[in-house]
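Remarks on the structure that follows.
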Amino acid sequence: MPPRFELPPQYAPHDVERRLYDRWLERGAFTARVDSPREPYVIVMPPPNVTAVLHVGHGLNNVIQDVLIRFERMRGRAAEWLPGTDHAGIATQNVVEKLLAAEGKTRFDLGREAFVERVWQFVKETGPAILEQLKVIGCSADWSRARFTLDPAYSRAVREVFVRLWEEGLVYRGHRVIHWCPHCLTALSDEEAEFHDTTGNLYYIKYPVVNGSGFVTVATTRPETLLGDTAVAVHPADQRGRPFLGKKVRLPIADVEIPVLADESVEKEFGTGFVKVTPAHDSNDFEIGVRHKLEMPLVMTEDGHMAHPTRVPKGLAGLDRFEARKQIVRMLEAQGLLVKVEPHQHALRRCYRCDTVVEPRLSDQWFVKMKPLAEPVLAAYRDAKFQIVPERWRATFENWMENIRDWNISRQLWWGHRIPVFTCTACRHQWADRQDPTRCPKCGGPVEQDPDVLDTWFSSWLWPFATFGWPQRTADLARFYPGHTMVTAPEILFFWVARMLMSGYHFMDRKLPFTTVYLHGTVRDTQHRKMSKSLGNGIDPLDVVRLYGADALRWTLIAGSSLGADLILDPNDLETTFAPGRNFANKLWNIGRFILSQLPERVQPIEALDVKALPLADRWILSRLQATLAEATASLEQFRLDEGGKRCFEFAWKELADWYVEAVKPRLPAETTSPGAAGAQSVLAYCFDAVLRLLHPVVPFITEELWQKLPGRRADDLLAVAAWPTPRPELADPDADRQFPLVQEAISSIRMLRAEYRVPPKARLRAAVRPKTEQVRRALAGERDTILRLAQLAELAFDGQRAVVGAHAVLADGSDVFVALEGEIDLQQECRRLADELTRVERQLSGLAAKLTNRNFVARAPAEVVAKEREKERAWRDQRQALADKLKSLGCS
RNA sequence: GGGCGAAUAGCUCAGUUGGUUCAGAGCGCCUGCCUUACACGCAGGAGGCCGGGGGUUCGAAUCCCUCUUCGCCCACCA
């Protein structure tokens, strides 16, 4: 009978990946049907930015999701993984503005409408690209439901949410100091202004007292803001303030008089105890300003240049704020008003999109009151209505939720959801509207819409339900909301995850959008730096796919990232980093190549076998498979994907390939019908089929390719939608689990002796075993052929009594193994080796003896632990005895 | 300033409830093999006072304290 397949000895990922992915798509394998009777399992994909190019961080995030979704799909759930992209307001606008800049234009040259049109053009090209890249790495998302946060339907949801919040009084116009990015020319939320530890300077500046002598010295990190000072504050209880309270000081350079006043918020210990108050450029100072009804002059333009009609002198006007800082320091120095400059550690806020130092700036913005939204979610968390994995994020999450601050949602951008707030230019009536009104509902006057757009996250926070058609009551929504698992990086826990929980609870009838938040680690380089484009230390997942295949990429990402831990990869050595996955795929390929070549068209199902009557090796591998199935399933359920993957790796490679396949080879010549062949074929087919299923979520391509070639497969069978293996507890076999390892050990010990004595590989030796018990004798005798072949023996006797001149080993249960090495053995060497072995055993024994004679141990340790230790001691004693006997018989001194 | 995490073989990491056949894996290294599924492989091997110190316990890589190093998050001391 010719082999059923002629397969090349090396797996070629590129020949199969595209083809299989297309088949999955053709079959609609990734689309959950709305009318399916199955229980749904839903993951919504964190939508990548439209401008993003797939990097390895996306790779990790999406492969984790893919493993989970494939796992649940195979377990019979209606698995829906909803993909999409985010319009990414600031980021996208920045990219397109950069393109314009290359043409020597700004967005203002185009005007709002044309600019937005231009961005649309751009994102229509770039948007789908990253999703295409996800297909290359095998992601089984439901592309038929892909969404974009600026889709018309989605935009309706955004608008609906805004209007409802408005109606509930949760949206308000705030006049306060917010984070302003002078490069992006927009306000930012607290979360978007990221802290960076920086060493700056603390400048001590003297403000001369008006109508008197002396100075008040203030300390500041931003001297240029002194132009906007409207007071100097000191703590009311600070004695140093006494002489100056109620007096005025002269602000240098700006040349205005400002009061010295007392305010509780001033920290006595810091600096000089006196603080300059710049209400329009510092949120603290703003509060002081409000309390003391101070003037609040803005002294900078939106793009960070100094400007004020009276306070900024000619030489400084129009200067960039950092230039102005230098200039002002020089001027103060010249005037003798600079006391000193100290290096100073502090945290600077920078724009999360362009890294520009954020400028606090007084302005009017739209805010959402967050406390009412956060409180029920926090309570739900404490009530275990959802979990965060790993659990250690609890404190961080709770702390943020408890101290939540109002959310600035307006952005001075053009790209995004326009804020649906309308104002009547006649009567000043202001309202939020679901439709675009043409007339004021109050007076019929003309209306104008707020020029700003909403924060990108104001649309993303609706992702788990807006994607399914909300506010329409769609069938999708009814079926796929609430979802189950949110997989993301801790960086956007607050940006996104917490807000999704809040919006879900608030707008979806108190139903949280998912039950588990799984926070995975960050991909870093060998110096533990986050991989990034700017550092040039990134890994392009598509390069990896090209070089080693998608499964190799996936394997390294999954096997390398334990629960919530960062993943360190070496961008300078892709070979070392991804070879394990490539090697494993190739190993599977060759296991498959061999097994497939041995299987007939029809293989008896495992149920048809009398399992108890099978040879030891068969019973052992079936038992191992059951253990693997249970452990791998449990691992995946607990999000320990690395553990699950590695367990299957262990089974496929170490147990199935290294031992079982080797053990059954003689029973398997495809041409003949040797005794036991049918059983071996069934076992092989069953085990291989099962392990392919278990591995499919992690390495979907290679497993699908091989699985489809198994006997009995129909043309349209797909592993991607096949069932997760069913546990068969009746296949667990504790006896086999105990006995087969003795066979392995017998083989290993003989191999070890061969290596030790440098026996030529081809030489066949004689060996004898003296089993400890009758049961062991039967077990080893049953696998006699296996031992003969794998240990390269000519003869194996079970009458260990017969003197064999040679080397000796003792198995774990105390059975002896003798290997004949006539003429080859060096008696001296064997004595030395056995003596070393004896020493090792003695050491173990004395440790155990110390423990067992320790009255405290015997008295206080649990009885079963003591019993276990006693049993161990017996086994070691047997080994010692066997070794001692052997040493004596060899006449070693 | 507060909180969290990490420190185990040359490298990247497992080690879940404390019990000497749990000191492990992959890669790398050494030795020998093209044993007709696989050299992206097979067989054998070397290599670690489990970051330092102290404590709890009959017993600690595992629990507690402390120190050192690295990383992350949060925070209106300008």
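In what follows, chains carry the letters A, B, and so on, assigned in the order in which the sequence lines appear, proteins first and then strands, with residues in each chain numbered from 1.
Summarising the base pairing, rG10(B) is matched to rC27(B) through a Watson-Crick or G-U wobble pair whose two defining distances lie under 3.5 Å. The partner of rG41(B) is rC33(B), judged by Watson-Crick or G-U wobble contacts that both fall below 3.5 Å. Pairing partner, rA46(B): none, since no Watson-Crick or wobble contact has both distances short of 3.5 Å. Within the shown strands, rG71(B) is the pairing partner of rC4(B) under the Watson-Crick or G-U definition, both distances less than 3.5 Å.
Dashed line: the shortest gap from a side-chain N or O of Ser562(A) to OP1 or OP2 of rA14(B) is under 4.0 Å. Look at Arg640(A) and you won't find any side-chain N or O under 4.0 angstrom from OP1 or OP2 of rC13(B). Phosphate proximity of rA78(B) to His281(A): absent, as no side-chain N or O sits under 4.0 Å from OP1 or OP2. At the phosphate of rG26(B), OP1 or OP2 sits under 4.0 Å from a side-chain N or O atom of Lys654(A).
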*asked:* Test side-chain contact (heavy atoms from CB on, under 4.5 Å) on Val266(A) and Val234(A); report intermediate values, then the result.
replied: CA-CA 6 Å; Val266(A) 179; Val234(A) 64; 5.5 Å; no
_Pair Asn408(A), Ser189(A) - check side-chain hydrogen bond (donor to acceptor under 3.5 Å, both in side chains), show working._
CA-CA 5 Å; Asn408(A) 174 2; Ser189(A) 65; over 6 Å; no
_Step-by-step side-chain hydrogen bond (donor to acceptor under 3.5 Å, both in side chains) determination, Tyr11(A) to Asn590(A)_ = CA-CA 8 Å; Tyr11(A) 173 54; Asn590(A) 279 290; over 6 Å; no
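Of the candidates rU12(B), rG44(B), rA75(B), the closest approach to any side-chain atom of Ile568(A) belongs to rU12(B). Closest contact between the side chain of Arg524(A) and the listed nucleotides rA78(B), rC72(B), rA37(B) involves rC72(B). In this structure, of rC42(B), rA37(B), rA78(B), it is rA78(B) that holds the atom nearest to the side chain of Phe270(A). Here the side chain of Arg392(A) is nearest to one of rC4(B), rC27(B), rG44(B), namely rC4(B). When distances are taken from the side chain of Asp658(A) to each of rG44(B), rA43(B), rU31(B), the shortest belongs to rA43(B). Checked against rA37(B), rA78(B), rC33(B), the side chain of Asn590(A) finds its nearest nucleotide in rA37(B). Distance from the side chain of Lys646(A) is smallest for rC13(B) among the nucleotides rC13(B), rA78(B), rC27(B). When distances run from any side-chain atom of Arg582(A) to the nucleotides rC27(B), rC40(B), rA78(B), the shortest one goes to rC40(B). Side-chain proximity of Ala565(A) to rA75(B), rA14(B), rA78(B): nearest is rA14(B). Closest contact between the side chain of Lys762(A) and the listed nucleotides rU35(B), rA75(B), rC73(B) involves rU35(B).
Between rG5(B) and rC77(B), the distance separating the two P atoms is 24 Å to the nearest Å. Atom name P, nucleotides rC34(B) and rU20(B): the rounded distance is 41 Å, in whole Å. The C1' atoms of rG41(B) and rG26(B) are separated by 16 Å, rounded to the nearest whole Å. Straight-line distance between the P atoms of rA39(B) and rG28(B): roughly 15 Å, to the nearest whole Å. rG48(B) and rA9(B) have their P atoms separated by 10 Å, with the value rounded to a whole Å. Only the P atoms considered, rG71(B) is 15 Å distant from rU12(B), to the nearest whole Å. Remark: the separation of the P atoms in rA46(B) and rC38(B) is 29 Å, to the nearest Å. Nucleotides rU21(B) and rU66(B), compared at atom P, are 34 Å apart to the nearest Å.
Distance Asp566(A) CG to rA14(B) P: 11 Å, rounded to the nearest Å. Here rU35(B) presents its P atom at 15 Å from CZ of Arg751(A), a figure rounded to the nearest Å. One interatomic measurement links the two molecules: CG of Leu790(A) to C1' of rC42(B), which rounds to 11 Å at whole-angstrom precision. Distance, Phe594(A) CZ to rC42(B) P: 14 Å, rounded to whole Å. What separates CD of Glu398(A) from C1' of rC4(B) is a distance of 14 Å, to the nearest Å. Between Leu641(A) atom CG and rC13(B) atom P the separation is 17 Å, expressed in whole Å. When the C1' atom of rG41(B) is taken as reference, atom CD of Gln10(A) falls 10 Å away, rounded to whole Å. Following rounding to the nearest Å, Asp642(A) (CG) and rC13(B) (C1') show an atom-to-atom distance of 9 Å.
At a threshold of 4.5 Å between non-hydrogen side-chain atoms, the residues His179(A) and Asp190(A) count as touching.
Side chains of Glu194(A) and Tyr352(A): no donor on one and acceptor on the other come within 3.5 Å. Side-chain atoms of Thr628(A) and Glu631(A) include no donor-acceptor pair closer than 3.5 Å.
Nucleic acid contact class of Val661(A) (heavy atoms, under 4.0 Å, all strands): base. Residue contacts shown for Ala219(A) include a base, since a base heavy atom lies under 4.0 Å away. Using a 4.0 Å heavy-atom criterion, one finds that Ser283(A) contacts no nucleic acid atom at all. Among the heavy atoms of the strands, none lies under 4.0 Å from Asp282(A). Across all strands, Arg647(A) comes closer than 4.0 Å to no nucleic acid atom at all (heavy-atom distances). Counting any heavy atom pair closer than 4.0 Å across all strands shown, Ala579(A) reaches no nucleic acid atom. Nucleic acid contact class of His344(A) (heavy atoms, under 4.0 Å, all strands): sugar-phosphate only. Residue Ala347(A) is classed as a base contact, given a heavy-atom separation below 4.0 Å to a base. The residue Val218(A) sits apart from the nucleic acid: no heavy atom pair falls under 4.0 Å. Across all strands shown, Trp653(A) has heavy atoms under 4.0 Å from sugar-phosphate atoms exclusively, and none from any base. Counting any heavy atom pair closer than 4.0 Å across all strands shown, Ala657(A) reaches a base atom.
Relative to the six-membered ring of Phe594(A), Lys665(A) meets both conditions, a distance below 6.0 Å and an angle of at most 45° to the axis. Geometrically, Arg176(A) does not engage Phe286(A) in a cation-pi contact defined by less than 6.0 Å to the ring centre and at most 45° from the axis.
For rA37(B), its base sits under 3.5 Å from the side chain of Lys665(A) at one donor and acceptor pair at least. Residue-to-nucleotide contacts include no donor-acceptor pair under 3.5 Å from the side chain of Glu662(A) to the base of rA43(B).
Under the 6.0 Å cut-off for aromatic ring centres, Phe578(A) and Trp555(A) do not qualify, their centroids lying 6.0 Å or more apart. Ring pair Phe397(A)/Trp393(A): centre-to-centre distance not below 6.0 Å.
When the nearest nucleotides of RNA chain B are assigned to Glu650(A) and Glu756(A) by heavy-atom distance, the more 5′-ward of the two goes with Glu650(A).
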